[in-house]
Amino acid sequence: MIALPKELIASLTNIKGFNKEAFEQVHASGEQVTSIRLNPVKSRAPLPINQSTGQLVHQSAIPWCPYGYYLSQRPSFTFDPLFHAGTYYVQEASSMFLWEVLAQAIGNNTAGVKVLDLCAAPGGKSTLLASYFNDGLVVANEVIRSRAAVLAENITKWGSANTVVTNNDPKDFVELKGYFDVMIVDAPCSGSGLFRRDEDAIDEWSEENVVLCSQRQQRILADVYSTLKNDGLLVYSTCSYSKAEDEDILDWICATFSVESLVLHVKEEWGIIEVESDIHKAKGYRFYPYKLKGEGFFIAAFRKRDGETQDYRVQGLQKISKEEAIAAESFIKSGEMIFCSQAEKIIALPATYKTDVAILQKHLYLRQAGITVGALKGRDLVPEHALAMSTLVAENIPRIPLTKQQAIHYLQKKDIEPGNFDKGWALATYENVNLGWMKILHNRVNNYYPVEWRILKESIAG
Ligand code: SAM
């Protein structure tokens, strides 16, 4: 029997939707819910299959996210090439409710929308945002450097050119007054919502930490609030059940800023509980695992009703040379991308966002922007993995379909048998989805899968 913190249970007693017996029972049950969200730009690929039976894992749709699916069991994601190819993201179902929040607050007006995901690693919400705002600009920020690396990996695999990854403290955004249309603060929290799937979180939980988290949440919001435009959308979420990190933060937001709380429509059958903050009656939405198929989660949305904007004067991005342009164009579908240079690599960006990326580059540490195409070696381009993960690769670049076994070997960075192929760069593919680059030489194939992302295990068992 899992021992849940008594102080937590006591603090939740009078909160709407809380049921002590059901709460304890759902934690004791050991039930695990597995869910994934498909990548719409790569979703021609099938859903995961059970590695031992070869059967498609039965799935059902998550009602608040059109690309979300529950899986009937947890397959070995490590041994599914489609997982590494970014065709889906393994994401907890309650958090996918962000999609519904956006659908209700923004609708289809996504073109040109600038979005900040402030606390972004490992990238669950950012990849959702990149799909939702496929013609907007998403800035995925993470303050902790090692976590920003994981975020960059997941964004790279997702393959969208409209995403920028930054590694900054919330304070660093102060120069970007009134810049963003949408801001997501998925705040660091005491984590009680994840107790069912991560028992270690129970040992780490304490009342003191709830207080510290609540103070930090206020500090983070205070640091970035001016970055949001007047009329912009602020979404605040946590995976904590504690009122001090949820409803009380909504009251703090209302007392500190000029905002309007948004009422969201939730269908009764979804099992989501609408709550209100004590003083300002701001609406929040609670997810309890005994009421729906998902973990503990809290989300609220506000419309900003004040704020200044600022004019930005920036120098353009660093141009690429003629040789670089010729080499890059030979790998890329012609379209609305522009090229620039960063740290001697060629970057492709949607033309509409070239000034924005220059603005962001002036004020923030850009870990990655758009799609890194590659770098010139002599007169030849050595393409980057990010290009293979994108949808930009020119049609005339050869694609080499691999079997499941070959795909796993490729992802383990093992040698691939040379087939009867033309020499030069080619994409390794599996089920029509790109896995990465190979270079076909006279008598061997060089495997260019990134060494740091390779599958380390030999087999599912080992
Ligand atoms: N949004 C992510 C997702 O959906 O995958 C999960 C974010 S997690 C709940 C909170 C993140 O905030 C963590 O990655 C953590 O490193 C980051 N963080 C921690 N302290 C922070 C701070 N002082 N300011 C901003 N972010 C912070």
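Note that the numbering runs from 1 along the sequence shown for the chain. Order of listing sets the numbers, starting from 1, for every ligand and every atom in it. These numbers were taken from a predicted model, which means no experiment stands behind them.
Those atoms of ligand 1 that come under 4.0 Å of a heavy atom in Pro122, given as number and element, are 5 (O). Under a 4.0 Å criterion applied to the non-hydrogen atoms of Ile144, ligand 1 contributes the atoms 16 (O).
Looking at Arg147 against ligand 1, only its side chain comes within 4.0 Å, counting heavy atoms. Heavy atoms of Ile220 found under 4.0 angstrom from ligand 1 belong exclusively to the side chain. The side chain of Glu142, and not its backbone, has at least one atom closer than 4.0 Å to an atom of ligand 1 (non-hydrogen atoms only; side chain from C-beta on). Neither the backbone nor the side chain of Cys239 has any atom closer than 4.0 Å to an atom of ligand 1 (non-hydrogen atoms only). Contacts between Pro170 and ligand 1 below 4.0 angstrom, taking non-hydrogen atoms only, involve the side chain exclusively.
Between Asp248 and Lys243 there is a salt bridge, since at least one side-chain N of the basic residue sits less than 4.0 Å from a carboxylate O of the acidic one.
The six-membered or imidazole ring of Phe97 lies near that of Phe287, with a centre-to-centre distance under 6.0 Å. When ring centroids are compared, Tyr449 and His385 come within the 6.0 Å threshold. Less than 6.0 angstrom separates the ring centroid of Tyr312 from the ring centroid of Tyr179.
When only non-hydrogen protein atoms are considered, atom 10 (C) of ligand 1 lies nearest to Asp186 O, 3.5 Å. The shortest contact between atom 11 (C) of ligand 1 and any protein heavy atom is with Cys119 CB, 3.7 Å. For atom 20 (N) of ligand 1, the nearest non-hydrogen atom of the protein is Pro188 CG, 3.7 Å.
Judged by the 6.0 Å distance and 45° axis criteria, Lys304 is not positioned over the aromatic ring of Phe257. Cation-pi check for Lys267 over Trp64 is not met; the charged atom does not lie both under 6.0 angstrom from the ring centroid and within 45 degrees of its normal.
The shortest N or O to N or O distance between Lys125 and ligand 1 is below 3.5 Å. The shortest N or O to N or O distance between Ala187 and ligand 1 is not under 3.5 Å. For the pair Gln91 and ligand 1, the shortest N or O to N or O distance does not fall below 3.5 Å.
Judged purely by atom type and a 3.5 angstrom limit, Lys283 has no side-chain atom pairing as donor or acceptor with the backbone of Ser261. At least one donor-acceptor pair under 3.5 Å links the side chain of Tyr132 to the backbone N or O of Leu102.
Of the listed options Asp117, Leu118, Val143, Val143 places a heavy atom closest to atom 26 (N) of ligand 1. Considering only non-hydrogen atoms, atom 8 (S) of ligand 1 lies nearest to Ala121 out of Ser126, Ala121, Gly124, Ser95.
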message = Between Gln412 and Lys457, is the side chain to side chain contact (heavy atoms under 4.5 Å, CB included) condition met? List the steps.
response = CA-CA 8 Å; Gln412 288 169 325; Lys457 278 168 84 177; 5.9 Å; no
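Ring pair Phe23/His27 is tilted by interplanar angle, where 30° to 60° counts as tilted.
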